[in-house]
Each structure stands twice: as C-alpha cells, then as structure tokens.
Amino acid sequence: QDFQKKSNGNTSMASRGTAPHMPLKRSDKLSGMMSIEAERKNERSIRKSYGDDDMGSGYTTFKRRQDKDEIAARKRRKLIEERRRPDDVKYFFKTDSGTFEGWKEDYVFTTKDRGTGYYWDGMDSVKK
C-alpha cells in the first residue's frame with residue numbers, strides 16, 4: 001500500500017507521513033483559503049512579515065550562562081535550608097568571660113561538650 005500516492009492526481013493534500021491532514025478551519029475557509037497549501041502559504045507570509053522563523057525550522061535551545069557565584073550561593077542556601085553547617089562557618093565560639101555577650105546571628109548561647117559559648121544552629125538563616 002502507498003498512502004502518499006493519490007489516485008486522482010491531487011497534490012494539494014500530499015503529506016510527508018501517512019496520517020491525513022486536519023481539515024481546514026471554518027475561519028480559513030471563510031477567508032478564502034481552500035487547501036492546506038493556501039493556509040501554509042498564508043502562514044509563511046505572516047511569519048516572514050513579522051520576522052519569525054519558517055515553519056518547521058525547529059526549536060532554538062538556549063544554553064544558560066554558568067555564573068559561579070550564583071551556583072555557590074544556591075549551594076549555600078541549600079545547606080542552610082537543610083540546617084547543615086557550611087564549611088566556612090565556625091561551629092563554636094568560646095567567650096572569654098564565659099557569660100552571654102549578646103545576640104549573634106545563627107548562634108545560640110549554651111553549654112555543651114566544648115564548654116560555655118556560642119554554638120552554631122543556623123535557625124536565623126533559615127528564617128530569612
């Protein structure tokens with residue numbers, strides 16, 4: 001079987017595949033187009049007048065720029081959201097007097113295995 005060959009010689013419905021063309025829309029018929037070729041010709045002229053690519057030219061894939069600072073900030077944000085301490089942040093600050101010296105962002109004042117001081121907990125950054 002050869003589905004692309006038309007017995008009546010009509011080439012207006014010639015197709016690249018075996019599926020039939022969709023019928024013309026009512027608005028296309030009312031505007032004077034009587035075949036799929038007329039509709040495609042109209043589409044090509046509209047695309048050309050607006051400077052668009054031809055039909056079937058494919059999609060353009062854009063490659064994102066890799067911004068090293070943005071990637072590092074995203075990784076840092078992920079660590080903070082998971083409440084895992086980043087490598088460049090100290091876990092413990094020992095106070096000289098052993099007493100509370102005021103609020104410090106991302107740290108809590110308490111006594112643990114390393115002594116009395118400020119221990120990292122990361123809750124302030126999570127709230128931001």
Side-chain angles (χ1 to χ4, degrees):
Q1 289 180 339
D2 188 3
F3 292 107
Q4 291 184 350
K5 188 188 295 182
K6 302 295 180 207
S7 61
N8 61 1
N10 185 1
T11 59
S12 66
M13 293 300 283
S15 174
R16 285 178 250 154
T18 58
H21 287 286
M22 67 177 203
L24 285 174
K25 298 177 285 228
R26 184 172 185 265
S27 61
D28 289 343
K29 287 182 180 178
L30 292 174
S31 65
M33 291 180 255
M34 293 312 217
S35 68
I36 194 76
E37 262 68 34
E39 194 271 334
R40 287 183 178 166
K41 183 179 178 184
N42 183 41
E43 179 71 21
R44 278 193 291 274
S45 67
I46 290 171
R47 285 175 174 264
K48 189 175 183 180
S49 67
Y50 284 102
D52 293 336
D53 289 336
D54 291 334
M55 290 189 316
S57 64
Y59 295 100
T60 303
T61 305
F62 297 98
K63 187 175 181 180
R64 287 190 59 173
R65 292 185 193 146
Q66 294 294 326
D67 184 15
K68 304 292 184 198
D69 296 333
E70 180 184 336
I71 293 170
R74 202 174 324 134
K75 285 181 180 178
R76 185 173 175 86
R77 169 57 61 195
K78 184 178 178 187
L79 286 175
I80 289 170
E81 288 172 353
E82 293 173 355
R83 289 195 60 204
R84 289 190 298 170
R85 182 175 52 88
D87 293 334
D88 60 336
V89 176
K90 285 181 74 173
Y91 174 68
F92 172 70
F93 285 109
K94 183 169 180 69
T95 59
D96 295 330
S97 62
T99 60
F100 183 72
E101 296 177 352
W103 175 82
K104 295 191 185 324
E105 185 176 358
D106 284 338
Y107 288 89
V108 62
F109 184 79
T110 189
T111 301
K112 289 187 179 180
D113 56 341
R114 295 189 184 182
T116 302
Y118 291 93
Y119 289 84
W120 185 86
D121 75 339
M123 283 305 294
D124 296 322
S125 292
V126 171
K127 292 177 185 176
K128 283 185 185 177

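Every heavy atom of this structure was used, including side-chain atoms; hydrogens, water molecules and symmetry mates were not.
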Requested in this report: Would you check if Lys112 and Phe92 make a side-chain contact, meaning some heavy-atom pair closer than 4.5 Å?
Outcome: no

Query - Atom NZ of Lys41: over 12 foreign heavy atoms under 6.0 Å - result: no

Requested in this report: Using salt bridge (Lys or Arg N to Asp or Glu O under 4.0 Å) as the criterion, list what pairs up with Lys29, not counting sequence neighbours.
Outcome: none

Requested in this report: Calculate, to the nearest 0.5 Å, the distance between atoms NZ and CG belonging to Lys25 and Leu30 respectively.
Outcome: 12.0 Å

Query raised in the report: Which atom names give the shortest non-hydrogen contact between Tyr118 and Lys104, and what distance separates them?
Result: CE1-CE, 3.7 Å

Query raised in the report: Looking at Glu39 and Met33, what are the two nearest heavy atoms and their distance?
Result: CA-SD, 3.3 Å

**Report entry** Identified ring pair (Phe, Tyr, Trp, His ring centres under 6.0 Å) partner of Phe109 from the options Phe100, Trp103, Tyr119, Phe93
**Finding:** Phe100

Report summary line: Nearest heavy-atom approach of Arg114 to Tyr91 is NH1-CD2, 3.6 Å

Query raised in the report: Can you name the residues that form a salt bridge (Lys or Arg N to Asp or Glu O under 4.0 Å) with Arg47, not counting sequence neighbours?
Result: Glu43

Query raised in the report: Which value, rounded to the nearest 0.5 Å, describes the distance between Arg44 atom CZ and Glu37 atom CD?
Result: 8.0 Å

